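Just so we're clear, the structure is a prediction, and the values are computed from it rather than from any experiment. Below, chains carry the letters A, B, ... as their sequence lines are ordered, and counting in each starts from 1.
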Protein chains: 2
Amino acid sequence: MPSDRTSAGDPARTLALLWRDPSATPRRGPARGLTVDAVVDAAIALADREGLDAVTMRRVAQALGVVPMTLYTYVPGKAELLDLMLDAAYARMERTDSTGEPWRTRLAAVARENQALFEAHPWAVAVSTLRPSLGPGSIAKYEHELAALDGLGLRDVEMDDCLTHLLSFVQANARAAIEASAARAADGLTDQHWWDQAGPLLARVLDPDAYPLAVRVGSAAGAARGSAHDPGHAFHFGLARVLDGLAALIERAGPTGAG
Amino acid sequence: MPSDRTSAGDPARTLALLWRDPSATPRRGPARGLTVDAVVDAAIALADREGLDAVTMRRVAQALGVVPMTLYTYVPGKAELLDLMLDAAYARMERTDSTGEPWRTRLAAVARENQALFEAHPWAVAVSTLRPSLGPGSIAKYEHELAALDGLGLRDVEMDDCLTHLLSFVQANARAAIEASAARAADGLTDQHWWDQAGPLLARVLDPDAYPLAVRVGSAAGAARGSAHDPGHAFHFGLARVLDGLAALIERAGPTGAG
DNA sequence: GAGTACACAGTACATCGTACGGAGTAAGGA
DNA sequence: TCCTTACTCCGTACGATGTACTGTGTACTC
């Protein structure tokens, strides 16, 4: 499988595809039986239902009733298909209008929108690169999210820095949540079963004298996660920290439109 | 390729392997020609030199002068090999002693150690799950890093929260840096070349009236990144934000050992 | 000394992305 | 009008992956 997630192909071609540029649709030959959107939608549906691993050219083609190679007349390769999927997901994100709200409320809304994206489309965190692919979805999302940082007295570069910082937190948090639930699902082990298996060795090897903090804090954290605990705890905690961290910058910049 | 990065195998077996438990080494039969460490080291060397994609069972075996299937007498599967690689990398991290320093200095040191890990072993960000696999390397790392948060008046769970928050920032930052440089290397395009190709369409489609903030801020950010600019800018910016965010929590908790 | 548990090799299979070539179709220029 | 050309769609095929399975020979245990 030569070069999967590299997107090394002609960037102009990929951009034209992302923007559905007419130059990308042919003028001659038989009518097409499908559309790029149909391919992308089928791939997204598959990824939503069965995860990113299920998105193979064969399975997507099967869902559309065509033979695998047919997809290549719509899309240069799988990497570009993934780019298109992500941009489509971006384009369809809900964008709450929070103009007039204080900046913390606005940024919290942005964070929650992105969290919702990753909750609805867990595959998006694996595809997302944080380097926007400059499709219409990315740009619309970027524009919307920058609005939450506008009028705070930040310089342009700082606005981008702050947004990147916020989004990278949400993505890291989503990634952790997804991997945790994937690990739980992969080995169909209940926590009890897991401890029965791993406990004896762990108890022998995790010497509280050698690792006092790790054992104490680790078991406290494990107990907190394991018991009936707010599942979105890490998100709330982290978001509060991120906003506090930005506050030091924003409130120094000048409360022009801070509300 | 059934089930790659799932680590679904027997957790006890994996743990025994991580801790090099004697129960994992056999008592009968011919002497082994290799060791688990030799396999892990070969895999790490390969990953360091050619990236994680080059780490295939065949290539690792080749580097060791054995046939691919031989590796399976040392390691249950590839997923476990990756776990072992990560834990070995954790174990070998430099751990600067910063006791006595103020907490910001201590946490900054932790952040830099992790950044150095990802710089030396870029594959580690792809393997790392933020859910520690409980190997000796993970535990030693956890113990060391918790020490930077000890004596600040934080509850145990908060210590874990803060550390997770800090590490997840470093990892997200490293991921972005790696993907950026990978994208630059993948298509051997210079930035100039890229703009020649993509510029015309982009100029036509990125209407400043439709996306005023995106165009303005995006080009400012792009110019800042493109020109002679501190390459670690995002790290410094983000770290400062993270520490400011934790400060609100830590300094409220009580400056017991804040220095 | 017998039986067992193991190391190591070789072959084989399912799965992946996609290169390649052929058959048929519709638009553009003569 | 017809031929060329550009295109769609299909089928086959290739190299690569992780690893299950099946020997064959070795060294420890009783």
Pairing string of DNA chain C (Watson-Crick or G-U wobble, both atom distances under 3.5 Å; | = paired to other strand) is |||||||||||||||||||||||||||.|.
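Note on A:Glu179 versus A:Arg175: no salt bridge recorded, every NZ/NE/NH1/NH2 to OD/OE distance being 4.0 Å or above.
At distances below 3.5 Å, not a single donor-acceptor pair connects side-chain atoms of B:Arg59 with backbone N or O atoms of B:Met57. With hydrogens and angles ignored, the 3.5 Å screen pairs a side-chain donor or acceptor of B:Tyr74 with a backbone N or O of B:Leu34.
Remark: C1' of C:dC16 and NZ of A:Lys78 are 8 Å apart, rounded to the nearest angstrom. Rounded to a whole Å, the CD atom of B:Glu80 is 12 Å from the C1' atom of D:dG18. The CG atom of A:Leu71 sits 14 Å away from the P atom of D:dG11 (whole-angstrom rounding). Note: CE (B:Met57) to P (C:dA14) measures 21 Å, nearest angstrom. Per the geometry, OH belonging to A:Tyr72 stands 21 Å off P belonging to C:dG22, to the nearest Å. Spacing between atom CG of A:Leu81 and atom C1' of C:dT18 amounts to 14 Å, rounded to whole angstrom units. One atom, CZ of B:Arg59, and another, P of D:dG15, lie 18 Å apart when rounded to the nearest Å.
Residue A:Val75 is classed as having no contact, given no heavy-atom separation below 4.0 Å to the nucleic acid.
For the residue pair A:Ser138/A:Asp87, the side-chain donor-acceptor check at 3.5 Å is satisfied. Side chains of A:Asp21 and A:Ser23: a donor on one and an acceptor on the other come within 3.5 Å. In the model, A:Tyr142 has a side-chain atom that pairs as donor or acceptor with a side-chain atom of A:Asp160 under 3.5 Å.
Taking the six-membered ring for Trp and thresholds of 30 and 60 degrees, A:Phe235 and A:Phe169 have nearly parallel ring planes, at less than 30 degrees apart.
With A:Leu84 as reference, A:Val75 is the one residue of A:Val75, A:Val39, A:Thr14, A:Ile44 to meet the side-chain contact (heavy atoms from CB on, under 4.5 Å) rule.
Rounding to the nearest 0.5 angstrom, the gap separating the CG atom in A:Asn173 from the NE2 atom in A:His233 is 10.5 Å.
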At a cut-off of 3.5 Å, list every protein nitrogen or oxygen paired with a nitrogen or oxygen from nucleotides 7-9 of chain D, distance to 0.1 Å.
residue : atom : partner : partner atom : Å
D:dT8   : OP1  : A:Arg32 : NE           : 2.8
D:dT8   : OP1  : A:Arg32 : NH2          : 2.9
D:dC9   : OP1  : A:Gly33 : N            : 2.5
D:dC9   : OP1  : A:Tyr74 : OH           : 3.4
D:dC9   : OP2  : A:Tyr74 : OH           : 2.7

